[in-house]
Structures are given as C-alpha cells and as structure tokens.
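Here's the structure, in structure tokens; my notes come after.
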2 protein chains.
Amino acid sequence: MKDNKVIHELITNGHLKYIPHISVDCVILGYHANQLNVLLNKWKDVEVWSLPGGYVERNESVDTAAHRVLWERTGVDKLFLQQFYTFGDPDRINMNRRLNRLPVLFQEGGKELHNWMAERFISIGYYALVEYSKVSPRPDHLSVESRWWDIHDLPALIFDHDRIISHALHAVRLQLKYQPVGLSLLPEKFTLPELQKLYETILSRKLDRRNFQKKMLSLGILRRLPERKTIGPHRSPFLYSFDKRKYNQALKEGYGFA
Amino acid sequence: MKDNKVIHELITNGHLKYIPHISVDCVILGYHANQLNVLLNKWKDVEVWSLPGGYVERNESVDTAAHRVLWERTGVDKLFLQQFYTFGDPDRINMNRRLNRLPVLFQEGGKELHNWMAERFISIGYYALVEYSKVSPRPDHLSVESRWWDIHDLPALIFDHDRIISHALHAVRLQLKYQPVGLSLLPEKFTLPELQKLYETILSRKLDRRNFQKKMLSLGILRRLPERKTIGPHRSPFLYSFDKRKYNQALKEGYGFA
DNA sequence: GCAAAAGTGTTGGCGGTACACCCATGT
DNA sequence: ACATGGGTGTACCGCCAACACTTTTGC
C-alpha cells in the first residue's frame, strides 16, 4: 500500500530529515459530555495505543514541530500549546513491560530491523486544550485508528505514555489555578454553569456555584451577552463569551484561582 | 597541551559517546553576601561566558547527565536539581548577535571546522541551588575559567543563555511559593533573619520580618536549636535547622507561600 | 403548582499585611 | 545610655468557603 511506502521512506531516510533521538509527544485534551478526553492513536498490528507524536525537522523549532503534529492529527492550529516536561529516561521505551516488544513496524520477517526509529528517544511533552467538536482525528501513517479516550478509562499505552499523560494533567490543573482556561475548549458562546462543569472536570472535584460565578466574573475576562440559552424546564442562563484581549492578557500575567 | 587532546577527541569521537543535537545546561545558583550568584564558564579565546553544560551519553538518563555536569563543575552531588524547560529554537545558537561568531574551538586555521558540536542543539535546562561555600568551581575542558557572577550583573553570554537564566530565575521564584527553599543554600545552622535575607534575595523584594517568621514557623519545617548566634552589638537570634523529614515532605506536597 | 436549575446576597473564618512594643547586646 | 537589630503580639482587611432565598422555565 501507499502507507507502507511512506513508512519505508521514513525508516530509511527519516534520519536525514529529522533530528534523531528526539521526539515530540502531544497530550491533546478535548472536552465532551462532561469528560476530559485525550486523543490517542492505535498502532498497526499491536493492541497498543500511543500519544500523537512526531519528530523535529533538522531546521525546525521544537515548538513548531509540536504545532505541526497537532495540525496533522487534528486539523486545528493556532492553539494554546504548552511545553510541560522533557522525558529523558533511556528505559522509557520499555516501561510498560507487557509492551516491551516493539511493533511489527520495527521488524521484518520476524527479525528485528535496526533503524533510527527503534533507537532511544528523548521526548518533549506538550499539552493542548482543544474544542472537541472542531477536531476530526486523523491517524498518522504509523497508526490505523485515532480516537478520543476518557482520561479515567485509558487503554494499554505504549512506552511511558501513561506517565506523560499524568504529568500533563498535573500541569493543566496547575495552569487552571493561575491562568484562564476554556477559550479553546468551549464553543464561542457558553453559559457560566457550562464553564463551571469544565473546571470541575479538569479539577475532578465539585465547586460551589455561587462562589465560582463571583470569582470568575471578578476576573473580568468574560462578557455577558444579551442572549440567554434555553435549557428545558429551568431558568435560562445567560450566555457569555471571552473577552479575548483580556483573556490573553490574563494568560500572560496570570492570577490566583483557588 | 593535554586539554587540546581531550578536545580533539571530543570533537572527533564525541558523537559516538553522546547523543548528538542534545545538551544539558545547568543554572547553578549560589547564595553569598546577600547576592544570588550563578556559576559561569569562560570560553577559550573568546570574551564570552556560558552556563556549565554537557552532553547526554548514549545510554544515560537526561537527569543523570545533569547531575553529572553539576558534579563535574562543582564537586557537589545529591542536590536538588530541577528540570525547568527545554530550549528548542534552531536559531538559539545565534541569538546574541555580537557573538554569532563561533569560538575558535570550531575553527582551524581560520576555517570553520564542521563537526557534531557545531551543529544545532536542543538544550534541556536544569537549575540547582547550592551552598556557595561548598562549591569549588572547576572549569571544564572547553573553558579557561569558572566563577560566580551576580545575577544582576552578568557578562556577555553565549547563545540564548541569558534567556535560559531568566527562565530559571522565574522557575525558582515560582518554587519558592510552593516548596521550601534553603536546605542546600544555607549552612546547617542558620537564623531566621538569614533565611529571610535569602528569600528576599530570590524574590528581590523586602519582606516583613514578623510576618515572615510567623509564616515560616507555621510551616513546621524548622527546628529551633537551643543555641543562639552572636552577631555583635545586638540581641542574639536563635539558630534553626531544617527538619529534613518534614522539609522533604513539604518539597513533595507543596504549600502556599505568598 | 411543582421540580430543577440559575441568579444574587450574607456571613464567618483564615491568612496576609501593617504596625508597635519590648528585649538583648556591645560600645 | 544608646543604637541597632531580634522576638513577639495585635488590629484590620480581603478572600474564600459555606450557606439561603428568590426567580425562571416546562410540564
């Protein structure tokens, strides 16, 4: 198939285009049905999933590489993408014992194929917060499937990718405390209760409705719209949108949020 | 000289021992005379200073590499060493314009010498807090001098090392807010005013003496010793030492410090 | 009218900041 | 005695958490 040709080219000549031993892994978080989901790819021939990742081109910024991966896997760009940690253990590739066999990708006729992609990799971790509905997951050439997984119910993951996800979640929760979150996770217009659900999901704990509203409004990054949303047999909540100027300012300067 | 032989070996065969395109840079901070100092090396033949750094061995953890660099440059080990960011801009090597000429190290008879060390590097930044007095700076093979510099009065730095230092300081100040600092920066026994000076130096702002003491003691990581320190014509302050068990616990769990 | 959810206001406690007083020490 | 810095206590203020009441909407 065409894919196999691409893979062969990547394996044999990839080291000319990309920096060896360096990879970028993206923890792409989407929010849907009051769940935080993470985008994962299923590898060919192995019952194992992995974070969308990629390599850094010889003359490409690492940040750019991360954006490129995000774009290639989700079709969205210009997103909040945050580097959070670099994973440099030489054994990280063997961390999940049951998966210490490398995928068929690295074998040929049962024999292991030595190539640059089977070597040790130091991986730079990024996380992104994306609007679930705007994303159409696309598997890469090495994968047969790409889909969302509830972060509380993950499948078997390759290498140390479970640890990378844990780290990313920790970083996101930390961010929540000091910077606004939601611009890229919610639709253009949303209600305060919806925003609160998002916060509760990320923090995985309940928040007080009244205190949340007070606090959130006092930050001055929201604009109340003249419209309301109809939500069935209940009072209609106001719709809000982010004041993007102030939102980005708060992103830069930070604040305190309990 | 002997040094030149080592360098030649490094340039010609280093890529066999080390992962190419990857380096580790350490922002080693020492505290002395109410100043925060950073350890810098002066390069051979160029009026330019750089952070102590090194490469990652083919089968070495990145963390281990950072510890090794720290050990080789300062003679101290088992230190609090914290990864804080990875710098991956392909142009970082040219960032300081006046220094865009590479050191003589990469030239031979006026002609540029092409080798793995002159290529692009992605650098993983670590910071360490060390006790000034315990450190005997040792230049590496590429440097002629190694010494402390006041962070407010730095010399011309190579590449993007000024930016790396800024990032590190930011990370240290952030750490100060959530984790204890001082165990590796102060002698075994110290007074509360001394600890306060340290905090003021890192944050570069004055703190209220009484509030500082209340807050610090309430954290429960200090043990008041029966002795006092004689400081001339003034009341003798108590000596304290860190309760290492609780200190490390606070390191892990964190707290809030305004 | 009833149930469920949204909008708004009040209170109390904790922690942080600001500030005042007394104590110890060497000259 | 006096100057200088250290130890301790108090008052105020703001923020956050806990909590109650009213309003809206569809059935």
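It should be emphasised that the depicted structure is a prediction, and the values quoted were computed from it without experimental measurement. Order of the sequence lines sets the chain letters (A, B, ...), proteins ahead of strands, with each chain counted from 1.
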Figure out the [atom1]/[atom2] separation between [X] and [N], and round it to whole Å.
X      : N      : atom1 : atom2 : answer
B/E200 : D/dG5  : CD    : P     : 13 Å
A/L207 : D/dC19 : CG    : P     : 15 Å
A/Q196 : D/dA17 : CD    : P     : 12 Å

Residues forming a side chain to side chain contact (heavy atoms under 4.5 Å, CB included) with B/I221, sequence neighbours excluded: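 B/I221 satisfies side chain to side chain contact (heavy atoms under 4.5 Å, CB included) with B/P180, B/L219, B/F242, B/K246, B/Y247, B/A250 only.
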Output all residues satisfying side chain to side chain contact (heavy atoms under 4.5 Å, CB included) with B/A65, sequence neighbours left out; order by chain, then residue number.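 B/A65 satisfies side chain to side chain contact (heavy atoms under 4.5 Å, CB included) with B/V24, B/V56, B/E60, B/R68 once adjacent residues are dropped.
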Phosphate oxygens OP1/OP2 of D/dC15: is one of them under 4.0 Å from a side-chain N or O of A/K215?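 Indeed not, no polar side-chain atom of A/K215 lies that close.
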Contacts of type ring-ring contact (aromatic ring centres under 6.0 Å, His included), residue B/H170, not counting sequence neighbours: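 So B/H170 forms no ring-ring contact (aromatic ring centres under 6.0 Å, His included) with any residue.
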Mind checking what makes ring-ring contact (aromatic ring centres under 6.0 Å, His included) contact with B/F121, not counting sequence neighbours?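 Applying ring-ring contact (aromatic ring centres under 6.0 Å, His included) to B/F121 gives B/Y55.
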Scan residues 207-236 of chain A for pairs that pass ring-ring contact (aromatic ring centres under 6.0 Å, His included), counting only residues two or more places apart or in two chains.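 Of all non-adjacent pairs touching residues 207-236 of chain A, those that pass ring-ring contact (aromatic ring centres under 6.0 Å, His included) are A/Y199-A/F212.
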When you check every protein heavy atom under 4.0 Å of nucleotides 3-9 of chain C, what one-letter string (B, S, -) results, 5' to 3'? BBBBBBB
Whether over 12 other heavy atoms sit under 6.0 Å from A/K229 NZ: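 No, NZ of A/K229 has 12 or fewer neighbouring heavy atoms, counting only those of other groups under 6.0 Å.
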